Amino acid sequence: MRRTLLAGMLLSAFAVVGCGKKAEEPAASAASEAAPAVAQAAEYVVGTDASYAPFEFQNDQSQIVGFDVEVLSAVADKGGFKVKFVNTPWEGMFATLTQGDRDILSSAITITDERKQSMDFSEPYFEARQLIAVGKAVTGVKTFQDLKSKKVAVQTGTTGDEVVQKLLGKTSSSIKRFESMPLALKELETGGVDAAVGDNGVVINYVKNNPQHGMATVEDLQSFAPEYYGFAVKKGNQELLDKINTGIKAIKADGTYDQIFNKYFGTK
Ligand code: ARG
């Protein structure tokens, strides 16, 4: 585990410095030479699929930024820990928790009963819903049901994939699955599918930023239930979960959450 290794290295570095000092100043007690707080705050490795603007994406300097990144960083500040974001493909992401490669997953992850079997979730930090995007040449899509006779793109293994499977059948050849949401939406742009289904924030963001392709969005509040995003940790890691939940509570109470929310989505 990288975090443990790094913490170990930092601690030994301080131990070395401390020893040298002690030899010169025998009066100083061991306690007063404890490593400064910066070395004591645990740093957690955060897995995120950074192809999901505006929640997590790479800016021009290849830094991972976005709503989730700002929220979790603020949470960490209040919860007394540090975070390091590592770009992690969506497919296989959940397994990185059990393997110990990632400590936290922050990836616009919808809390579902099925997922709760294999990982633990923080308190919800965002409400989302599925949204349909339709291609320029596509007419007659007013509700989700209207996609029955259409070709639909989704990101593999997402809640969007799940709802479309329910409509069209799990093995339907009308479902085209992609490893990222931008790839699914590109397929829509180029006319390979009639529609795409995904989280509203991401679909709206993409359609808005690619106006030249004439895509439109179709909302269906009847067919799609609200979903709630949570940060995930390895099942049973209550200590970390408590720190995260403490942080979430704090940023909701002091206005930090609203500030970040407004920056990305405008006032509620
Ligand atoms: N909210 C959806 C889900 O949990 C999609 C999340 C996809 N996130 C991402 N960063 N690709 O299934």
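Excluded from the calculations below are hydrogen atoms, water molecules and symmetry mates; all remaining heavy atoms, backbone and side chain alike, are included. We count ligands from 1, going down the list as the structure has it; atoms in each ligand are counted the same way. Source: prediction; values computed, not measured. Nothing fancy with the numbering, it's 1 onward along the sequence.
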With the threshold set at under 4.0 angstrom, would you say Met181 reaches ligand 1 through any of its heavy atoms?
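Outside the 4.0 Å threshold, so no.
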Are Glu162 and ligand 1 in contact, using a heavy-atom cut-off of under 4.0 Å?
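In this structure, Glu162 fails to qualify as a contact of ligand 1 - no heavy atom is under 4.0 Å.
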At less than 4.0 angstrom from any non-hydrogen atom of [X], what atoms of ligand 1 do you find?
X: Gln155; result: 7 (C), 11 (N)
X: Thr158; result: 5 (C), 12 (O)
X: Asp199; result: 1 (N), 2 (C), 5 (C), 6 (C)
X: Tyr229; result: 1 (N)
X: Thr159; result: 1 (N), 2 (C), 3 (C), 12 (O)
X: Glu56; result: 10 (N)
X: Ile109; result: 4 (O)

Minimum heavy-atom distance between Asn87 and Ile64, given as atom pair plus value:
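Looking at all heavy atoms of both residues, the closest pair is N-CD1, 3.6 Å.
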Heavy-atom closest pair, residues Asp199 and Glu227
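That closest heavy-atom pairing would be OD1-OE1, 4.3 Å.
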Any luck finding a side-chain donor-acceptor pair between Gln155 and Asp49 under 3.5 Å?
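On atom types as modelled, these side chains qualify, holding a pair under 3.5 Å.
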How far is [atom] from its nearest protein heavy atom, and which residue and atom name does that atom have?
atom: atom 6 (C) of ligand 1; answer: Ala108 O, 3.3 Å
atom: atom 8 (N) of ligand 1; answer: Ser107 O, 2.8 Å
atom: atom 7 (C) of ligand 1; answer: Tyr52 CZ, 3.4 Å
atom: atom 11 (N) of ligand 1; answer: Asp49 OD2, 2.6 Å

Are Leu97 and Leu240 in one and the same hydrophobic cluster, where Ile, Leu, Val, Met, Phe, Trp and Tyr link if side-chain heavy atoms are under 4.5 Å apart?
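Leu97 and Leu240: separate clusters.
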Would you kindly confirm whether Phe126 and Phe231 end up in one hydrophobic cluster when ILVMFWY residues are joined by side chain heavy atoms under 4.5 Å apart?
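The answer is yes; both residues are in one hydrophobic cluster.
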Please set out all donor-acceptor pairs under 3.5 angstrom arising from side-chain atoms of residues 72-80, sequence neighbours excluded.
residue	atom	partner	partner atom	Å
Ser73	OG	Val69	O	2.7
Lys78	NZ	Asp254	OD2	2.7

Ring centers of Tyr44, Phe81 separated by less than 6.0 Å:
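Ring centroids of Tyr44 and Phe81 are less than 6.0 Å from each other.
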Would you please indicate if the ring centroids of Phe55 and Phe265 are separated by under 6.0 Å?
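Yes - the distance between ring centres of Phe55 and Phe265 falls below the 6.0 Å cut-off.
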Relative to each other, are the rings of Tyr257 and Phe67 parallel, tilted or perpendicular (30° and 60° limits)?
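Taking Phe67 first and then Tyr257, their aromatic rings stand perpendicular (interplane angle over 60°).
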Is the shortest N/O to N/O distance between Trp90 and ligand 1 below 3.5 Å?
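In fact, backbone or side chain, Trp90 has no N or O that close.
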Within 6.0 angstrom of Glu219 CD, more than 12 heavy atoms from elsewhere:
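Open.
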Backbone, side chain, both or neither: what part of Arg115 comes under 4.0 angstrom of ligand 1, heavy atoms only?
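Side chain only; the backbone of Arg115 stays clear of ligand 1.
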